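Throughout, residue positions are numbered sequentially from 1 according to the sequence presented. Here the structure is a predicted model, which is why all the values come from computation and not from measurement. The analysis underlying the following values was restricted to heavy atoms, covering all of them including side chains, and did not include hydrogens, waters or symmetry mates.
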Amino acid sequence: PKRQYNIGLLGGKLIYNDSKRGYTINSIYKGDLWDKNQSPLCSPGLNIKTGDTITKINNIKLTKRLSPNETLVNQANKEVQISVLHNKDKKSKNYTIKTLSRCNHLYYRDWVEYNREYVHKKSKNKIGYIHIPDMGADGYAEFHRYFLAEITYDGLIVDVRFNGGGHVS
């Protein structure tokens with residue numbers, strides 16, 4: 001049997017930065033701000049932004065050869081300490097955050113919001129957008145979440161790409 005490692009996820013895209021000797025946050029997957037499973041980097045009071053750099057995890061210095069994922073093996077859903085070098089004031093601060101075991105919900109929400117903004121912009125705010133991920137509870141929730149807001153536009157794109165099927169009522 002294959003060994004499975006549960007990597008603690010930070011909910012962002014990190015890229016090694018030679019000059020800052022750490023992993024610069026290229027993007028933060030926001031997800032839903034009210035969801036308890038939001039990106040740990042978005043936790044209230046942290047004020048961590050894209051452009052900031054993570055230099056240590058659990059007091060282990062990150063290098064080009066030692067990535068955050070390696071230090072986060074078996075750290076899913078656990079509290080870890082990260083050292084962040086803030087881009088604005090060039091000061092480093094330590095934070096305790098709780099990692100995630102999955103980020104699918106963050107990727108999905110950011111993808112839907114990107115598509116909504118794209119459709120609104122390209123149509124000069126004349127077309128609305130809704131994605132229906134399946135024909136079950138999640139799909140119904142997505143429809144309910146966006147329909148009243150998006151129906152106010154002249155047209156509406158109902159995106160069913162990657163729809164997982166289910167029961168249509």
Side-chain angles (χ1 to χ4, degrees), residues 6-17 20 22-54 57 67-69 72 75-80 82 84-89 93 95-169:
N6 296 315
I7 296 174
L9 302 172
L10 302 176
K13 184 175 180 182
L14 310 175
I15 297 173
Y16 187 75
N17 185 322
K20 294 185 179 179
Y23 285 79
T24 298
I25 302 166
N26 193 38
S27 63
I28 297 173
Y29 307 118
K30 293 185 179 51
D32 286 320
L33 297 179
W34 59 83
D35 187 351
K36 66 179 172 111
N37 292 317
Q38 69 176 329
S39 171
L41 300 174
C42 289
S43 296
L46 297 186
N47 205 26
I48 294 173
K49 308 256 186 252
T50 56
D52 292 344
T53 302
I54 299 173
I57 296 178
S67 72
N69 280 357
L72 293 169
Q75 298 297 311
N77 296 315
K78 293 185 180 174
E79 288 190 348
V80 298
I82 60 173
V84 178
L85 178 64
H86 289 282
N87 196 32
K88 268 197 159 137
D89 57 13
K93 288 179 82 177
Y95 301 98
T96 300
I97 61 171
K98 186 174 181 183
T99 64
L100 298 172
S101 60
R102 296 181 16 199
C103 285
N104 298 4
H105 58 290
L106 301 178
Y107 307 146
Y108 175 74
R109 181 61 51 222
D110 284 5
W111 179 76
V112 168
E113 291 302 322
Y114 170 82
N115 290 340
R116 280 184 66 234
E117 290 173 24
Y118 179 84
V119 168
H120 292 170
K121 184 177 178 182
K122 288 293 185 179
S123 70
K124 297 183 170 78
N125 285 322
K126 292 186 189 255
I127 299 175
Y129 173 89
I130 298 174
H131 181 258
I132 309 292
D134 61 30
M135 304 313 268
D138 290 339
Y140 184 71
E142 284 296 304
F143 177 79
H144 217 327
R145 175 184 186 140
Y146 288 110
F147 183 71
L148 291 178
E150 297 297 301
I151 198 66
T152 61
Y153 294 92
D154 295 343
L156 181 64
I157 292 174
V158 179
D159 185 353
V160 292
R161 290 177 295 169
F162 318 113
N163 187 289
H167 302 286
V168 178
S169 59

So which atom in Val84 and which in Ile82 form the shortest heavy-atom distance, rounded to 0.1 Å?
CG2-CD1, 3.7 Å
Could you state the interatomic distance from OG (Ser39) to NE2 (His105), rounded to the nearest 0.5 Å?
9.0 Å
Is the shortest side-chain heavy-atom distance between Tyr146 and Val112 below 4.5 Å?
yes
Answer yes or no: is there a side-chain heavy-atom contact under 4.5 Å between Leu10 and Ile25?
no
Between CG on residue Asp138 and CZ on residue Arg145, distance to nearest 0.5 Å
11.5 Å
Do Ile28 and Cys42 come close enough that some side-chain heavy atom pair is under 4.5 Å?
yes
Side-chain heavy atoms of Leu106 within contact of Leu100, under 4.5 Å
yes
Could you check if a side-chain atom of Asn87 sits within less than 4.5 angstrom of a side-chain atom of Lys20, using non-hydrogen atoms only?
yes
Exam field: side chain Asp52 to backbone Lys49, donor-acceptor pair closer than 3.5 Å
yes
Just so I know, are the side chains of Leu156 and Phe147 near enough to count as touching, which here means a heavy-atom distance under 4.5 Å?
yes
Nearest heavy-atom neighbours spanning Thr99 and Pro40
CA-CG, 4.1 Å
Here the pair of heavy atoms bringing Asn163 nearest to Ile132 is ND2-O, 3.0 Å
Pairwise distance NZ(Lys13) to OG1(Thr50) - rounded to 0.5 angstrom
12.5 Å
Return the minimal non-hydrogen interatomic distance between Tyr153 and Gly128, and the atom names on each side.
CB-N, 3.5 Å
Here the gap from Ile48 atom CD1 to Ile54 atom CD1, rounded to the nearest 0.5 Å, amounts to 6.5 Å
Any idea which heavy atoms bring Pro133 and Gly139 closest together, and the distance?
CD-CA, 3.7 Å
Can you tell me how far CG of Asp154 sits from CD1 of Ile127, rounded to the nearest 0.5 angstrom?
8.5 Å
Give the intermediate values and the outcome of side chain to side chain contact (heavy atoms under 4.5 Å, CB included) for residues Asn115 and Arg161.
CA-CA 12 Å; Asn115 290 340; Arg161 290 177 295 169; 3.7 Å; yes
Do the rings of Tyr129 and His131 sit parallel, tilted or perpendicular, given the 30° and 60° boundaries?
parallel
Stepwise, does the side chain to side chain donor-acceptor pair (under 3.5 Å) test hold for Thr53 with Thr24?
CA-CA 4 Å; Thr53 302; Thr24 298; 2.9 Å; yes
Quick one: does Phe162's side chain get under 4.5 Å of Trp111's, heavy atoms only?
yes
Closest heavy-atom pair and its distance - Ser67, Tyr23:
CA-OH, 3.5 Å
Look up atom CD1 in Ile130 and atom NE2 in His144, then write down how far apart they are to the nearest 0.5 Å.
11.5 Å
With a 4.5 Å heavy-atom cut-off, do Leu9 and Ile7 have their side chains touching?
yes
